[in-house]
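In what follows, a single structure is set out as structure tokens and then discussed.
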Amino acid sequence: MLTESDSNKLLEIPYRTLWEMQPTDIEQFQLHLLQQRFEKLRPKIQALGKLAELQGVDRIAQLNDVVPILFQHSAYKSYPISLLEKGKYDALTKWLDKLTSHDLSTVDASDCHSIDEWLQLLDDVTELRVVHSSGTSGKLSLIPRDQKETHRFTICTIRRVEGFGDEPDLATPLLKSGKKMAVIYPSYRYGRYGAHRLVQDVIECYGTPENSYALHEELMSADVVSLSGRVAGAQAKGELDRLKISDALLQKYKESIALRASQSEKEKHFLDRVIANCQGQDVIMLGVVSLMLEWVRMARERGLDKLFGANSLLLSGGGAKGLKLPDDWREQITQTLGVEPNISYGMSECITQLPSCSAGNYHSTPYIIAFVLDPETGAPLPRTGTQTGRYGFYDLLAESYWGGFITGDKVTAHWDGCACGRSGFHVEPTIVRYSSISDDGDDKINCAGAADAHERALDFLNDLAQQT
């Protein structure tokens, strides 16, 4: 069954089928494909080549062999912040060029004066569709995903609601029929954040521009997101006076603040518009749980119940974002919006998300090679039973960038199947960031092999980027 190395063909296999497979069969396939990815990408991605050299990894004989060359979760934000402060987008392009198999050597970014302009240039003249993170740590991660990988992210998102066993399958009819549905996203319509890239592709594939609804029709500026993270980071360190902010960026930031000034009133008008055009219809709605609960509150104020059709897709992720959710939040959303939400666990660097099941756990697919690592040594824990440690993974759907990462998340994982009937690896919903439970708020990742190999690889990357 799992013999294809082409990611697009792999995605044609139903999740229901994959979750019935034996773990040993899956691991044989994963090892074969991982070996292919390493052989193909090592000579093309300089950061990977350097890290493999430093770690002494020249071949993959078993799955655990890849652990020493999993990138740290900081790898895609390892560029010097001075490149943004001084507008050195040619140097930022050189930095990114070392992290992708696509050739960016002919890209001229000398006329770019903002992150938004730089990302637009890459959209216009390359196959890349760079995804940036939320920047809450003070710097944006910039993941060099391409057009094909962007669409794979969409397919994986839809397949999350394929269900298993007696669970309803909402994905297959949509994927096979070409049905067009209203798409609702209570945020910015445009942007290069992962969710915005997803929304645009969902609209193109499963909706129409005229039957799509966003709270803000504007672009969510990567410059403003970056600045917000930098301001928060500087404020926490008492270094606000050291921030270097151009007049143009400050003006863009002020415009963003003004846009959100009437947020509450805009949300009410937005819901009124959706009700007028979509009530009772099957829709695709994307948004974090806290946003969906806000819709529940506003809908109840209007006396509404079961707002959308029974075959709607309510797709969410991102957790509670620091908010305490009511114990019955899932029941509230299901009753008021009309369908149970599907929650996933994932991160910007990963194309495949882990969808939740009826037991509340998050399930991996064979496209993800999962690892649970000892938080002290970085060594992989046994791939059996129940293990608690740092989550790492290799994303086999990433073909133009290195899909291996060590995250900042502490997870409790099980390798022996779930009460819902799905086989294989799954994660309990008790996921926390190591930085949130450390005494100093720091998260120092220990790596198998040479302790400072990752740092030296990133130094090498930055030196190359700034060479003239």
Side-chain angles (χ1 to χ4, degrees), residues 7-8 11 100 102 114-135 140-161 171 174-175 178-226 256 259 266 270 273-274 277-278 281-288 291-292 312-318 342 344 346-353 397-398 400-401:
S7 295
N8 295 328
L11 284 174
T100 174
H102 293 287
S114 67
I115 307 174
D116 291 331
E117 289 182 9
W118 179 66
L119 292 173
Q120 184 63 56
L121 174 68
L122 294 174
D123 280 3
D124 291 342
V125 304
T126 76
E127 295 182 45
L128 292 185
R129 296 296 179 266
V130 172
V131 171
H132 69 72
S133 67
S134 59
L140 298 180
S141 291
L142 298 167
I143 299 97
R145 193 170 291 161
D146 66 17
Q147 295 183 69
K148 293 178 181 178
E149 290 156 342
T150 296
H151 185 59
R152 287 174 202 149
F153 182 73
T154 300
I155 298 297
C156 290
T157 300
I158 300 297
R159 283 208 177 278
R160 281 165 38 188
V161 292
L174 178 60
L175 292 169
K179 177 182 177 181
K180 299 293 185 179
M181 301 169 68
V183 179
I184 301 168
Y185 186 54
S187 184
Y188 291 84
R189 181 183 292 270
Y190 304 104
R192 280 89 179 197
Y193 183 56
H196 297 113
R197 295 287 196 191
L198 171 64
V199 167
Q200 287 305 301
D201 200 57
V202 167
I203 291 172
E204 182 177 339
C205 297
Y206 308 110
T208 60
E210 59 272 14
N211 198 25
S212 301
Y213 304 87
L215 179 61
H216 302 298
E217 292 297 326
E218 296 83 1
L219 172 83
M220 188 180 83
S221 169
D223 291 284
V224 172
V225 174
S226 174
S256 176
L259 187 65
K266 289 188 72 171
F270 179 45
R273 186 158 60 97
V274 170
N277 292 284
C278 304
Q281 296 182 18
D282 294 336
V283 306
I284 302 174
M285 181 176 178
L286 304 103
V288 295
L291 244 174
M292 289 188 179
S312 295
L313 280 62
L314 301 187
L315 304 169
S316 185
N342 180 273
S344 71
M347 53 282 302
S348 300
E349 295 85 355
C350 191
I351 294 172
T352 306
Q353 311 99 56
L397 294 182
S400 73
Y401 65 96

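The figures here come from the full heavy-atom set of this structure, side chains too, leaving out hydrogens, waters and symmetry mates.
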Could you give the distance from OG (Ser221) to CD1 (Ile115), rounded to the nearest 0.5 Å?
7.5 Å
Where the side chain of Arg152 meets the backbone of Ile351, is there a donor-acceptor pair that is under 3.5 Å apart?
no
May I ask you to decide if Asn342's main-chain N or O and Arg160's side chain share a donor-acceptor pair within less than 3.5 Å?
yes
Gap separating the CG atom of Leu121 from the CG atom of Leu128, nearest 0.5 angstrom:
10.5 Å
Considering non-hydrogen atoms only, spot the tightest contact between Met181 and Leu313 and give its length.
CE-CD1, 4.3 Å
Taken in chain and number order and not counting sequence neighbours, the residues that satisfy ring pair (Phe, Tyr, Trp, His ring centres under 6.0 Å) with Tyr401 are none
Return yes if some donor-acceptor pair links the side-chain N/O of Glu127 with the main-chain N/O of His102 below 3.5 Å, else return no.
no
Side-chain contact test, heavy atoms from C-beta onward, threshold under 4.5 Å: evaluate it for Ile284 versus Tyr206 and give yes or no.
yes
Given the rule in the side chain to side chain donor-acceptor pair (under 3.5 Å) test, do Thr150 and Arg129 qualify, once you have shown the distances and angles that lead to the verdict?
CA-CA 7 Å; Thr150 296; Arg129 296 296 179 266; over 6 Å; no
Atom CG in Leu140, atom CG in Asp223: separation rounded to 0.5 Å?
8.5 Å
Does Arg145 use its side chain to pair, donor to acceptor, with the backbone of Gly194 at less than 3.5 Å?
no
What do the steps show when you test Val161 against Leu174 for side chain to side chain contact (heavy atoms under 4.5 Å, CB included), and what is the final call?
CA-CA 10 Å; Val161 292; Leu174 178 60; over 6 Å; no
Would you say the side chain of Asp282 lies within less than 4.5 Å of the side chain of Lys179, judging by non-hydrogen atoms?
yes
Side-chain donor-acceptor distances from residues 196-203 under 3.5 Å, at least two apart:
from   : atom 1 : to     : atom 2 : distance (Å)
His196 : NE2    : Tyr188 : O      : 3.3
Arg197 : NE     : Val130 : O      : 3.2
Arg197 : NH1    : Asp123 : OD2    : 3.1
Arg197 : NH2    : Asp123 : OD1    : 3.1
Arg197 : NH2    : Val130 : O      : 2.9
Gln200 : NE2    : Arg189 : O      : 2.9
Asp201 : OD2    : His151 : ND1    : 2.8
Asp201 : OD2    : Thr154 : OG1    : 2.7

More than 12 heavy atoms of other residues, nucleotides or ligands under 6.0 Å from NZ of Lys148: is that the case?
no
Asp116 versus Ala222, closest heavy-atom pair with distance
OD1-N, 2.8 Å
Which pair of non-hydrogen atoms, one from Cys278 and one from Tyr213, has the smallest distance, and what is that distance?
SG-CE1, 3.4 Å
Do you know the tightest heavy-atom contact between Pro186 and Leu291?
O-CD1, 3.6 Å
What are the two closest non-hydrogen atoms of Thr126 and Gln147, and how far apart are they?
O-NE2, 4.5 Å
Taking C-beta and beyond as the side chain, do Leu397 and Glu149 meet within less than 4.5 Å on heavy atoms?
no
Less than 4.5 Å apart, side chain to side chain, heavy atoms only: is that true for His132 and Leu119?
yes
Would a 4.5 Å heavy-atom cut-off, applied to side chains only, mark Glu349 and Ser133 as touching?
no
Between Ser316 (side chain only) and Gly287 (backbone N and O only), is there a donor and an acceptor less than 3.5 Å apart?
yes
Kindly indicate whether the side chain of Arg192, heavy atoms from C-beta on, has any atom under 4.5 Å from the side chain of Leu219.
yes
Does the side chain of Tyr190 come within less than 4.5 Å of His216's, by heavy atoms?
no
Heavy-atom nearest pair, Phe270 first then Tyr185, reads CZ-O, 4.0 Å
Residues forming a salt bridge (Lys or Arg N to Asp or Glu O under 4.0 Å) with Asp146, sequence neighbours excluded:
none
